Participant: 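Pasting a structure here, questions to come.
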Amino acid sequence: MRHLPRPVHPPKRLRRRYRRWIYVIGLGLWGSGVAWMIAHHLLKAAGSDPLLPAASEPWWLRVHGATAMAFLVTLGSLFPVHVRQGWHAHLNRASGVTLLTTCAVLTVTGYGLYYLSGDAWRAKTSIIHQVVGVAAVAALLVHVILGRRVDRVLRGARHTHHPGH
Ligand code: HEM
Ligand code: HEM
């Protein structure tokens, strides 16, 4: 054998307040993006000048920028324990990686939305950001549902091995 297997800590469920914080910030981020889309694609169609943004658009982007920063800090804080433990225990990996990839695409295209100046590139970046952004909620939902199942199975296993604990 090349090396001894390292001891694997079974992942602990995220604490309730931490979990709630992820959901609140995630919802604020997603909600402000979707609200911008409603203002931009639906309300403006009914409004006056098609070339001008709807009045509420910059406000949604202000909320979106702030929640995006808070979300990225939160995402970073998940790496040292949550992602690491789940990864080493081989649990919930596929949906976790899908979620991380989704966040990476949104971060890169979000950066592009700030700094890309060519109209054609900006328009493409915007479409990718919007489509992946709307779908991101599904990636989180799947991860959470599978994560809860993992947690139930782990607790069940502990129960069987140590009856009475
Ligand atoms: C490769 C990356 C990841 C792996 C391997 C992973 C692994 C896991 C595992 C094993 C669970 C069930 C145990 C627990 O609740 O801790 C879980 C649940 C959860 N994960 Fe992840 N995760 C990853 C990435 C992420 C990311 C990027 C987020 C948030 C943006 C996230 C948010 C959550 C949440 C909110 C739950 C809680 C479900 C609940 O207990 O109700 N995870 N994950
Ligand atoms: C990691 C997560 C995310 C980051 C870092 C991020 C970042 C950004 C940034 C920096 C902008 C440009 C703001 C501006 O031009 O003032 C933006 C715009 C936008 N974001 Fe996000 N975002 C994320 C997730 C989402 C999600 C989940 C949605 C849901 C639909 C979304 C929808 C939008 C929309 C509709 C715009 C406006 C597009 C445009 O101006 O053409 N974003 N985002």
Side-chain angles (χ1 to χ4, degrees), residues 8-44 53-54 56-117 119-155 157-158:
V8 171
H9 301 283
K12 286 208 180 71
R13 204 174 165 189
L14 290 170
R15 282 171 187 241
R16 185 147 40 140
R17 269 177 56 185
Y18 193 12
R19 219 186 311 148
R20 207 176 283 164
W21 171 252
I22 297 171
Y23 296 149
V24 168
I25 291 298
L27 193 71
L29 180 63
W30 190 81
S32 56
V34 169
W36 181 93
M37 288 166 70
I38 292 172
H40 187 79
H41 299 298
L42 301 178
L43 300 186
K44 211 176 65 173
S56 59
E57 283 181 40
W59 287 102
W60 291 122
L61 286 185
R62 280 174 196 141
V63 177
H64 193 68
T67 44
M69 288 174 194
F71 180 80
L72 289 181
V73 172
T74 310
L75 183 65
S77 76
L78 283 165
F79 276 87
V81 181
H82 182 78
V83 173
R84 199 164 174 267
Q85 284 190 348
W87 184 262
H88 286 307
H90 290 258
L91 293 170
N92 222 3
R93 269 183 171 189
S95 67
V97 169
T98 307
L99 192 52
L100 284 179
T101 309
T102 306
C103 294
V105 172
L106 287 171
T107 307
V108 171
T109 51
Y111 177 90
L113 286 173
Y114 264 137
Y115 298 113
L116 282 180
S117 42
D119 270 357
W121 276 104
R122 200 185 184 283
K124 277 187 200 133
T125 308
S126 176
I127 289 171
I128 297 171
H129 192 82
Q130 291 179 56
V131 172
V132 177
V134 170
V137 76
L140 179 63
L141 261 176
V142 169
H143 183 72
V144 166
I145 290 167
L146 295 177
R148 286 187 177 185
R149 195 185 293 168
V150 163
D151 184 64
R152 269 202 305 275
V153 171
L154 281 177
R155 273 185 300 149
R158 270 177 222 141

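Note that the coordinates shown come from a computational prediction; the quantities given were computed from them, not determined experimentally. Both ligands and their constituent atoms are indexed starting at 1 by order of listing.
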Participant: Are K12 and ligand 1 in contact, using a heavy-atom cut-off of under 4.0 Å?
Facilitator: yes
Participant: Cation-pi check, R84 to W87: give yes when NZ or CZ is under 6.0 Å from the six-membered ring centre and within 45° of the ring axis, no otherwise.
Facilitator: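 Here R84 fails the 6.0 Å and 45° test against W87.
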Participant: Identify the closest protein heavy atom to atom 41 (O) of ligand 2: which residue and atom is it, and at what distance?
Facilitator: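 Residue, atom and distance for the closest contact: S126 OG, 2.7 Å.
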Participant: Step through it carefully: locate the ring centre of W36, locate the ring centre of H40, and say whether they are under 6.0 Å apart.
Facilitator: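 Ring-ring flag for W36/H40: true, centres closer than 6.0 Å.
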Participant: Where the closest heavy atom to atom 3 (C) of ligand 2 is concerned, which of L106, V137, V108 has it?
Facilitator: L106
Participant: Identify the protein heavy atom lying closest to atom 16 (O) of ligand 2, giving its residue, its atom name and the separation to 0.1 Å.
Facilitator: L61 CD1, 3.7 Å
Participant: Considering distance alone, does some N or O of T107 sit under 3.5 Å from an N or O of ligand 2?
Facilitator: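 No, T107 has no N/O under 3.5 Å of an N/O on ligand 2.
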Participant: Just jot down the ligand 2 atoms closer than 4.0 angstrom to any heavy atom of Q130, in number order.
Facilitator: 35 (C)
Participant: Answer yes or no: does atom CZ of R62 have more than 12 heavy-atom neighbours from other residues, nucleotides or ligands under 6.0 Å?
Facilitator: yes
Participant: Near V134, which atoms of ligand 2 are under 4.0 Å from a heavy atom of that residue?
Facilitator: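 By the 4.0 Å cutoff, the relevant atoms are 29 (C), 30 (C).
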Participant: Quick one: which of W60, F71, W36, W30 has a heavy atom closest to atom 38 (C) of ligand 2?
Facilitator: W36
Participant: Numbering the atoms of ligand 1 from 1, which are under 4.0 Å from a heavy atom of L91?
Facilitator: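 What qualifies from ligand 1 is 5 (C), 7 (C), 10 (C).
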Participant: Should one rank R13, R15, R16 by closest heavy-atom distance to atom 40 (O) of ligand 1, which comes out on top?
Facilitator: R13
Participant: To check your reading of the model: name the closest protein heavy atom to atom 36 (C) of ligand 1, its residue, and the distance in Å.
Facilitator: L14 CD1, 3.7 Å
Participant: Identify which of A136, A135, G110 has a heavy atom lying nearest to atom 7 (C) of ligand 2.
Facilitator: G110
Participant: Specify side chain, backbone, both or neither for H129, according to which of its non-hydrogen atoms lie closer than 4.0 Å to ligand 2.
Facilitator: side chain
Participant: With heavy-atom distances below 4.0 Å as the criterion, list the atoms of ligand 1 near L75.
Facilitator: 27 (C)
Participant: Could you work out, for atom 43 (N) of ligand 1, the closest of R20, H82, Q85 by heavy-atom distance?
Facilitator: H82
Participant: Which option out of R148, H143, H90, R149 puts a heavy atom nearest to atom 6 (C) of ligand 1?
Facilitator: H143
Participant: Among all protein heavy atoms, pick out the one at the shortest distance from atom 18 (C) of ligand 2; state its residue, atom name and that distance to 0.1 Å.
Facilitator: L113 CD1, 3.5 Å
Participant: I need the atoms of ligand 1 closer than 4.0 Å to a non-hydrogen atom of N92, numbered in the order shown.
Facilitator: 4 (C), 5 (C), 7 (C), 8 (C), 9 (C), 10 (C), 11 (C), 17 (C), 43 (N)
Participant: Please report which non-hydrogen protein atom sits nearest to atom 28 (C) of ligand 2, along with the residue it belongs to and the distance in Å to one decimal place.
Facilitator: G133 CA, 3.7 Å
Participant: Counting heavy atoms only, name the option from R19, R84, R93 that's nearest to atom 37 (C) of ligand 1.
Facilitator: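 The nearest heavy atom belongs to R19.
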Participant: Show the atoms of ligand 1 that are less than 4.0 angstrom away from any heavy atom in G86.
Facilitator: 5 (C)
Participant: For atom 32 (C) of ligand 2, what's the nearest protein heavy atom and its distance?
Facilitator: G33 CA, 3.5 Å
Participant: Could you find the nearest protein heavy atom to atom 31 (C) of ligand 2 and give me its residue, atom name and distance?
Facilitator: H64 CE1, 3.3 Å
Participant: Closer than 4.0 angstrom: is that true for some heavy atom of D151 and an atom of ligand 1?
Facilitator: no
Participant: For atom 27 (C) of ligand 1, what is the closest protein heavy atom, and at what distance to 0.1 Å?
Facilitator: L100 CD2, 3.5 Å
Participant: Under 4.0 Å from a heavy atom of Y114: which atoms of ligand 2 are those, numbered in the order shown and with their elements?
Facilitator: 10 (C), 16 (O)
Participant: Which residue supplies the protein heavy atom nearest to atom 15 (O) of ligand 2, what is that atom called, and how far is it?
Facilitator: R122 NH2, 3.8 Å
